[in-house]
There are 2 protein chains.
Amino acid sequence: MTVWDRPEPPTRPVPLDRERIVAAAIALADEGGLEAVSLRKVAARLDAGPMRLYGYISTKEELFDLMVDEVHAEILPEEQPGDWREVLRIRAHRTRQATRRHEWLADLLGGRPALGPNALAVTEATLAALDGLADLDTVLRAVETVSAYFTGAIRREIANLRAERATGLSKRDWQRASGPHLRRMLATGRFPALAKAVHDGTEVDAEASFATGLDWVLDAVAAKLAQPPA
Amino acid sequence: MTVWDRPEPPTRPVPLDRERIVAAAIALADEGGLEAVSLRKVAARLDAGPMRLYGYISTKEELFDLMVDEVHAEILPEEQPGDWREVLRIRAHRTRQATRRHEWLADLLGGRPALGPNALAVTEATLAALDGLADLDTVLRAVETVSAYFTGAIRREIANLRAERATGLSKRDWQRASGPHLRRMLATGRFPALAKAVHDGTEVDAEASFATGLDWVLDAVAAKLAQPPA
DNA sequence: TAATAGTTCAATACAGTATATCGCCATGAG
DNA sequence: CTCATGGCGATATACTGTATTGAACTATTA
């Protein structure tokens, strides 16, 4: 027996911490979606038994919360522009980009209040940028309205993207041909306006349509912020 | 042995169909949330074995899609007003109300493209109301922007509602006291704007804040629809 | 140094999940 | 009455999250 086949010493297990667990979970989710995240697989990726994780997190939901918060660190920009409108626009776009990097985020977005440190930091930065522009309630409503928009828009975008991927078709063709199902539905003649929309609608890229809608909402918010408090 | 204790004849199982399955699933979800919906429990509620369902649906996801579409029947109003703005507003409010009756809908809203007959009918009605108001692409963006808003807003509302329920506190108090966690966070002084918002923000009821944000978005959309096509 | 207390981790266990496979039984036709 | 067919249900598989329990190792105390 040479040194080479002497058995490895019983590998002192690498100490775990939340960060490493969350990182492993995110990696798993990036590769195979949220459903690929199981405590067993996360643990396996860290060379640990499943039960080991429960020393650091107390439930799978909590792990998801931690994952969401971790991504919020990517969303928070390094430095903020002074213009409130730009702050909101950038936040929306960064959230969208983060979701494109981590598609599973779409499944979690808006599903639970985000109270982790990074999410709070994002909120803080947003509120700070709008502070004093109008009475507090108006400001809050402005922020919430914009967030509601981009949350919903991002979710829909990802939902469509997945549907396209599943059929391997572009959005146009997807709606045109989408399985026999939609075809049949449209062929019934019960949905003339929809049929026309599917037929005549231009295919606009997702980013542009996201940005356009966002600008509309920002316009609306600007108008309300400009009004003197009632 | 009297007639009364004569054993029941081997109950010819009630024939199943999608409608009954979906209804059972919705009942389960209404009572215990989406996570309470398992194929086993749905089947049990219909006095059937789990495998029986696979003759009518091919996967659990499909069952969820059917549930969502079923609720869309509640969302589609009997008769539409002529005013496009009212049409959009009513659709938003009806979606919100449906989600309050079926909270689990919040978990599914926007998660997948809604292509069932009822969902298509809702879309059809909406598009019909906006037909001709502007060029098609603008109309589509208008509809999508409004949908994105109310989807996101409804999800957040339900998320908050659940969080409040979990702690048994009102929104105000929830944020004030919310476990030790948020308290500690705010106490660090790292989130002054947020702290001020939590401290000074008036508690507005969910419906009013939903309606206000919706009006803002509708204002924005109105402005864009009014503009002559570029 | 010896013994003991305590903490940390992993194996096992349990109850549940979605879904595939297969064999039986009941109903229909001939 | 017999036979075939097809729907149905029981069983099986490979997972899931999580509770419990016991073992092994660390640190402390006598």
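These numbers come from the heavy atoms of this one structure, side chains and all, not from hydrogens, waters or symmetry mates. Quantities reported herein were computed from a predicted structural model and do not represent experimental measurements. Below, chain A is the first sequence line, B the second, and so on; all start at residue 1.
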State whether [X] and [Y] are salt-bridged, where the test is any N-O pair (Lys NZ or Arg NE/NH1/NH2 against Asp/Glu carboxylate O) under 4.0 Å.
| X | Y | answer |
| --- | --- | --- |
| B:E124 | B:R91 | no |
| B:D69 | B:R18 | no |
| A:E31 | A:R45 | yes |

Residues which pass ring pair (Phe, Tyr, Trp, His ring centres under 6.0 Å) with B:H72, listed by chain and number, not counting sequence neighbours: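 Expected list: none.
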Those residues that, when tested against B:K196, pass side chain to side chain donor-acceptor pair (under 3.5 Å) (two or more places apart):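 Residues passing side chain to side chain donor-acceptor pair (under 3.5 Å) with B:K196: A:D131.
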With A:E62 via side chain to side chain donor-acceptor pair (under 3.5 Å) - residues at least two apart: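 If we apply the side chain to side chain donor-acceptor pair (under 3.5 Å) test to A:E62, skipping adjacent residues, the hits are A:S58.
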Give the rounded distance in Å between these two atoms: [atom1] of [X] and [atom2] of [N].
| X | N | atom1 | atom2 | answer |
| --- | --- | --- | --- | --- |
| B:L39 | D:dT16 | CG | C1' | 15 Å |
| A:K41 | D:dA14 | NZ | C1' | 12 Å |
| B:I21 | D:dC8 | CD1 | C1' | 13 Å |
| A:D47 | C:dC9 | CG | C1' | 14 Å |
| B:M51 | C:dC25 | CE | P | 20 Å |
| A:K60 | D:dG17 | NZ | P | 4 Å |
| A:I57 | D:dA19 | CD1 | P | 12 Å |

Nucleic acid contacts - residues 24-38 of chain A versus DNA chain C, non-hydrogen atoms under 4.0 Å: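 Going residue by residue through residues 24-38 of chain A, none turns out to have a heavy atom under 4.0 Å of DNA chain C.
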Closest to the B:R40 side chain, choosing from C:dT17, D:dG17, D:dC8: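 Comparing C:dT17, D:dG17, D:dC8 against the side chain of B:R40, the answer is C:dT17.
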Residue A:Y54, side-chain atoms from C-beta onward, closest of C:dA18, D:dG17, C:dA20: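 The answer is D:dG17.
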Any A:I57 side-chain heavy atom under 4.5 Å of A:V22 side chain: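 Heavy-atom side-chain distance check fails, nothing below 4.5 Å.
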Partners meeting salt bridge (Lys or Arg N to Asp or Glu O under 4.0 Å) with A:R100 (sequence neighbours left out):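 Partners of A:R100 under the salt bridge (Lys or Arg N to Asp or Glu O under 4.0 Å) test: A:E157.
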Pair of N/O donor and acceptor under 3.5 Å linking D:dG7 base with B:R52 side chain: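 In this structure, the two groups form no donor-acceptor pair.
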Steps toward ring pair (Phe, Tyr, Trp, His ring centres under 6.0 Å) verdict (B:F150, B:H93): CA-CA 9 Å; B:F150 71 66; B:H93 275 108; 9.6 Å; no
Terminal axis angle for the helix from C:dT1-D:dA30 to C:dG30-D:dC1, five pairs an end, nearest 10 degrees: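 About 20°, once rounded to a multiple of 10°.
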